[in-house]
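Chain identifiers are assigned alphabetically (A, B, ...) following the order of the sequence lines, protein sequences preceding nucleic acid strands; residue numbering begins at 1 within each chain.
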2 protein chains.
Amino acid sequence: MDANNQTDEGQGGRRGRGERGSAARRAARGGSGPSPSMPFIMRRIGVYEVLDEEGLSLIEANADTIMEEIGIEFRDDAEALALWRAAGADVRGQRVHFPKGLCRQLLKTAPSVFTQHARNPARSVQIGGKATVFAPVYGPPFVRDLDGNRRYATIEDFRNFVKLSYMAPSMHHSGGTVCEPVDIAVNKRHFDMVYSHIKYSDKPFMGSVTAPERAADSVAMCKILFGDDFVENNTVLLNLINVNSPMVFDQTMLGAAKVYARHNQACVLSPFILSGAMSPVTVAGTLTQILAEVLAGAAFTQLIRPGAPVLFGTFAASISMQSGAPTFGTPEPSLVSYGAAQLARRMGLPFRTGGALCGSKVPDAQAAFESANTLNTTLLAGTNFVLHAAGWLEGGLVSSYEKFMIDQDQLGMLQKMAEGVDLSTGGQALEAIREVGPGAHYLGCAHTQANFQTAFYRSALSDNNSFEQWEIEGAKRIEDRANTMCRAWLEAYEAPPLDPAIDEALLAFIAKRKESMPDAFT
Amino acid sequence: MDANNQTDEGQGGRRGRGERGSAARRAARGGSGPSPSMPFIMRRIGVYEVLDEEGLSLIEANADTIMEEIGIEFRDDAEALALWRAAGADVRGQRVHFPKGLCRQLLKTAPSVFTQHARNPARSVQIGGKATVFAPVYGPPFVRDLDGNRRYATIEDFRNFVKLSYMAPSMHHSGGTVCEPVDIAVNKRHFDMVYSHIKYSDKPFMGSVTAPERAADSVAMCKILFGDDFVENNTVLLNLINVNSPMVFDQTMLGAAKVYARHNQACVLSPFILSGAMSPVTVAGTLTQILAEVLAGAAFTQLIRPGAPVLFGTFAASISMQSGAPTFGTPEPSLVSYGAAQLARRMGLPFRTGGALCGSKVPDAQAAFESANTLNTTLLAGTNFVLHAAGWLEGGLVSSYEKFMIDQDQLGMLQKMAEGVDLSTGGQALEAIREVGPGAHYLGCAHTQANFQTAFYRSALSDNNSFEQWEIEGAKRIEDRANTMCRAWLEAYEAPPLDPAIDEALLAFIAKRKESMPDAFT
């Protein structure tokens, strides 16, 4: 498992800065593409915490009580129950009761930091420690397209979001189901999704979790790409294993988790929580249940293969107690995220939460306030893997092109924020203050001239011109500018090179597998 | 000065919860007004910090160097220079050079916590310590009105923003120049502004700073309202004293500061910084200059009257190095705000920064992302007084009705966030988890029924309904809903009662003073 036990040293900050690729070449020739991709974030700023030692201990003790007294269900999976029995748990029916400390003991083999490898080594990411990795929206069946239509997503949309994630400078990951390609049969679309991630991007990606055989297909395709041994001894897939909260693991997710853990691929163990429905209406109660669920699920991966990477995942939202609708970007999910990140650090597991979550139907100020509240929390909580970091709209029902562009610009800001305060001699700027003196300005001074290129985050979407200039330019809202930029990016897109032999082998594998099964649409 | 030296105890959280007033009565009769006003925030969450001891000491040492070696200018004010000379500073021309430690020594008399009294004692606010007080936008000459026009502001707009601030549940302060009533002569509008704050609200407010005699008029009007002795022995006005950065105090601001400090009224000593123009292009350099400027200006208030309240103010924004336009909500100003808050705490002064700052011309996603980034930073920095907390648009050139409504909703979220995690038995919700168990839901359980009213922040502006429901209701953007709500509030507004004798005396004073001077329009 040594390949998974990397430390914070020598990653991120240094690696990849020299990496430019085609985006930089395009920029150099004056193209309309984005600036070059940044390496994943190594945070130089601290984390924000909302619980003290007493609060953390209380929640941990309560989680232990839940696990022992109430138990967690592992449904319709005799193997899972047998494994738990053998590990010393008290299994009654499908309900597993955990002796205090059992799961924490099992989790000692799980790595706190590991590398997820990309086919382009410069795009590999560290998961855990001070690393933060942004990945796009996951799951929406609909898109809001560039012509303003809200419609079912297709494989073409899927490819587009892969391309946009490949081009977005502060998107470090290609994600998973960036939208559901509903024009392809349910039992076959995972082939096209995994293939699109491989073909149209060179960033790391996620595997299919909707059935154990689809997980196996994802692993098989990675073996064609990376080689058998490499896959078995390294991690090349991150996989979203949702808990069926409260306190249930279902057969599908257990099946997928087993496949991935067995092959040393990472499970993102994520209670899917809308507080008030799937957990208590309180922050502390929700945190307690999340902790119990993650402890049980993450420990289960270690029963399958000790040392298999696993993340402490949290998807935190609330529901409106009037309508039952999910709500995002409100204070309570932020408190849950901060608290869950603390619990994850104490467990020594990498942490996933957050993203650009919102309930709005359009990329308006509601969408932005909700997304910003969640994104700021995500960064300051010290989140390691951020799903839904761009493109999420309408409670996750819609992948929005315009929202994706606006969000990815914000990710650039968070990446700059994470660098913290530069206290070097140049950062202190005492010479500049001496040069300028009282009553003058810094615009032309030597220090400003030497540093202005890198001094401030430069948004390509925000309009900070005068009102008059803005009016002359058409009085555009940010989503209008995002629409224009998105079209330009897709126009400028160039695929990263892929070994033709691998490409052929992948296509042959897909064709053969697809042939072997009839289309299924449910 | 004892009246100014209150502690955190017995404020906020407890006081004012029982306060309801006309808003509650309206709500009880099913009116369309807002929920009742909340007391100011007493933060139960910690602060976020970006500098360690080494960084703080470095910046403090550099600020000392600036103050001693470069000096700060106090322009066109012989009295100020004489006071500095007498205090032991080295005055050369208008430039004051400060021996190391002089300003910090002088600041020992400044209170770290004080009360700003409102005419309704339930609306008085604590400034400093764990208190956070939200005040509306300050300064715009333009408004974006409810008919979508961008036009010069009038006294009617001014009154409207006072009314809206009075009604907004999480707006704790009436502010100052909520917009410039440009339909009134420049030398007379301060009367109408101060009178509007007194007449149409009972929350605390700010005095005029555009000329020493206007400051004196503000104090005189407060003496009519509160009584002579009360004003001299307490603080009833907060006053925005901007530094003419870099490192210049001008005659106007010095004149106003002297009037207010002499009468024991609070100065919010605020370097007005667009980094890259008025300060170096780096965060550490900007912090160094801010610290030097605040040390000099705040210490000056103590030369005028030891014990006069003074705040460490920071207005942090950057400029676009392409166009020179100010930019907001970017990472660098956030780092400046976090750092400045730390420096203020080490000085023992209350801290002001932040607000709902943005550069956008309309309340779109750009405006919201920029505002949210700034507001989240403001709260987590531990800011005590937050100017521009609602209504700011277009770099502060415009007071926007719709933006005000959207922002004030977010202030409610921040107020809820500041309560932190409830770890009581009810908060832990172990009984709820026991009752519900695996695979069920919490919607109907006893704990949910008992707690759902107060569990989650409830936005009156966010739409979380289904896409279909939202479409049936007109497919409205949040600014459309804000427009409707704003009209309803202004319709439902009821003035807080004001003693008719005081009202008459104020009007008589204003009439007499106005008569004594010709209109001036510059």
For chain A, find which of B:Gly444, B:Ser275, B:Ala475 contributes the most heavy-atom pairs closer than 4.5 angstrom. B:Ser275
Residue among B:Ile70, B:Val283, B:Thr65 with most heavy-atom pairs under 4.5 Å to chain A: B:Ile70
Considering only heavy atoms, which portion of B:Val47 lies under 4.5 Å from any heavy atom of chain A: side chain, backbone, both, or neither? backbone
Is there a side-chain contact between A:Ser459 and B:Thr330 (heavy atoms, below 4.5 Å)? no
With rounding to the nearest 0.5 angstrom, report the CG to CG distance, B:Asp422 to A:Leu335. 11.0 Å
For chain B, find which of A:Phe467, A:Phe328, A:Phe452 contributes the most heavy-atom pairs closer than 4.5 angstrom. A:Phe467
How long is the gap from CD1 on A:Ile433 to OG1 on B:Thr282, to the nearest 0.5 Å? 7.5 Å
Toward chain A, the part of B:Gln366 with a non-hydrogen atom under 4.5 Å: both
A:Phe369 vs B:Leu375 side-chain heavy atoms within contact, under 4.5 Å: yes
What option among B:Ser334, B:Ala325, B:Ser462, B:Pro333 has the most heavy-atom pairs under 4.5 Å with chain A? B:Ser462
Does any backbone or side-chain atom of A:Glu332 lie under 4.5 Å from a heavy atom of chain B? Answer side chain, backbone, both or neither. side chain
Chain B contact via A:Met278 - side chain, backbone, both or neither, heavy atoms under 4.5 Å: backbone
Enter the distance from B:Thr377:OG1 to A:Leu380:CG here, rounded to the nearest 0.5 Å. 7.5 Å
Whatever's closer than 4.5 Å to a heavy atom in chain B on A:Leu430 counts as side chain
Any A:Asn465 side-chain heavy atom under 4.5 Å of B:Ser323 side chain: yes
With side chains defined as the heavy atoms from C-beta onward, is the minimum distance between A:Tyr457 and B:Ser318 less than 4.5 Å? no
Checking A:Gln322 against chain B: side chain, backbone, both or neither under 4.5 Å from a heavy atom? side chain
Which answer fits A:Glu370, side chain, backbone, both or neither, if we ask what part of it has an atom under 4.5 Å from a heavy atom of chain B? side chain
May I ask you to name which of B:Ala482, B:Ser371, B:Gly439, B:Ser320 has the most heavy-atom pairs under 4.5 Å with chain A? B:Gly439
Whatever's closer than 4.5 Å to a heavy atom in chain B on A:Ala292 counts as neither
Pick one of side chain, backbone, both or neither for A:Phe142, based on which atoms fall under 4.5 Å of a heavy atom in chain B. neither
Exercise: identify the closest heavy-atom pair between A:Gly285 and B:Ala429: CA-CB, 4.0 Å
Most heavy-atom pairs under 4.5 Å with chain B, out of A:Asn451, A:Ile66, A:Ile59, belong to A:Ile66
A:Gln415 versus chain B, the contacting section by heavy-atom distance below 4.5 Å: neither
At their closest point, which heavy atom of B:Asn373 faces which heavy atom of A:Asn376, and how far apart are they? OD1-ND2, 2.9 Å
State whether the side chain of A:Asp364 and the backbone N or O of B:Ile478 hold a donor-acceptor pair below 3.5 Å, judged by distance alone. yes
Heavy-atom pairs under 4.5 Å with chain B - which of A:Ile406, A:Leu58, A:Val362 has more of them than the others? A:Leu58
Close side-chain approach of B:His447 to A:Val281, heavy-atom, < 4.5 Å: yes
Ranking B:Leu443, B:Leu414, B:Thr288, B:Leu397 by heavy-atom pairs under 4.5 Å to chain A gives rank one to B:Leu443
Identify the heavy atoms of B:Ala365 and A:Pro363 that sit nearest to each other, and give their distance. CB-O, 3.6 Å
Heavy-atom contact with chain A under 4.5 Å, split by part of B:Ala277: both
Considering all heavy atoms of both residues, which atom of B:Gly437 and which atom of A:Met247 are nearest to each other, and what is their separation? C-CE, 3.7 Å
When you look at B:Arg477 and A:Glu479, which way does the salt bridge (charged side-chain N to carboxylate O under 4.0 Å, His left out) test go after all the steps? CA-CA 13 Å; B:Arg477 305 172 66 89; A:Glu479 63 266 36; 2.8 Å; yes
Name the region of B:Gln410, side chain, backbone, both or neither, that has any atom closer than 4.5 Å to a heavy atom of chain A. side chain
Would the number of heavy atoms belonging to other residues, nucleotides or ligands and lying under 6.0 Å from CD of A:Glu54 be above 12? no
So do B:Met321 and A:Gln453 actually touch side chain to side chain, heavy atoms under 4.5 Å? no
Name the member of A:Asn62, A:Ile45, A:Val248, A:Val50 that forms the most heavy-atom pairs with chain B at distances under 4.5 Å. A:Asn62
Largest heavy-atom contact set with chain A, pairs under 4.5 Å, which of B:Ala367, B:Pro246, B:Gly55: B:Pro246
Heavy-atom side-chain proximity of B:Tyr442 to A:Ile319 below 4.5 angstrom: no
If you compare all heavy atoms of A:Glu73 against all heavy atoms of B:Pro438, which two are closest, and at what distance to 0.1 Å? CG-CB, 3.7 Å
Under a 4.5 Å heavy-atom cutoff, which of A:Ser466, A:Gly339, A:Ser279, A:Ala432 has the most pairs with chain B? A:Ser279
Counting only non-hydrogen atoms closer than 4.5 Å, does A:Ser424 touch chain B with its backbone (N, CA, C, O), its side chain (CB onward), both, or neither? neither
Salt bridge (charged side-chain N to carboxylate O under 4.0 Å, His left out) partners of B:Glu402, counting only residues at least two apart: none
Minimum heavy-atom distance A:Asn464-B:Gly359, with the two atoms named: OD1-CA, 3.8 Å
So, do B:Val436 and A:Gln289 sit near enough that their side-chain heavy atoms are less than 4.5 Å apart? no
Sorted by chain and residue number, the side chain to side chain donor-acceptor pair (under 3.5 Å) partners of A:Lys361 (sequence neighbours excluded) come out as B:Asp463
Top of A:Glu471, A:Gln428, A:Arg95 for chain B proximity - count of heavy-atom pairs under 4.5 angstrom: A:Gln428
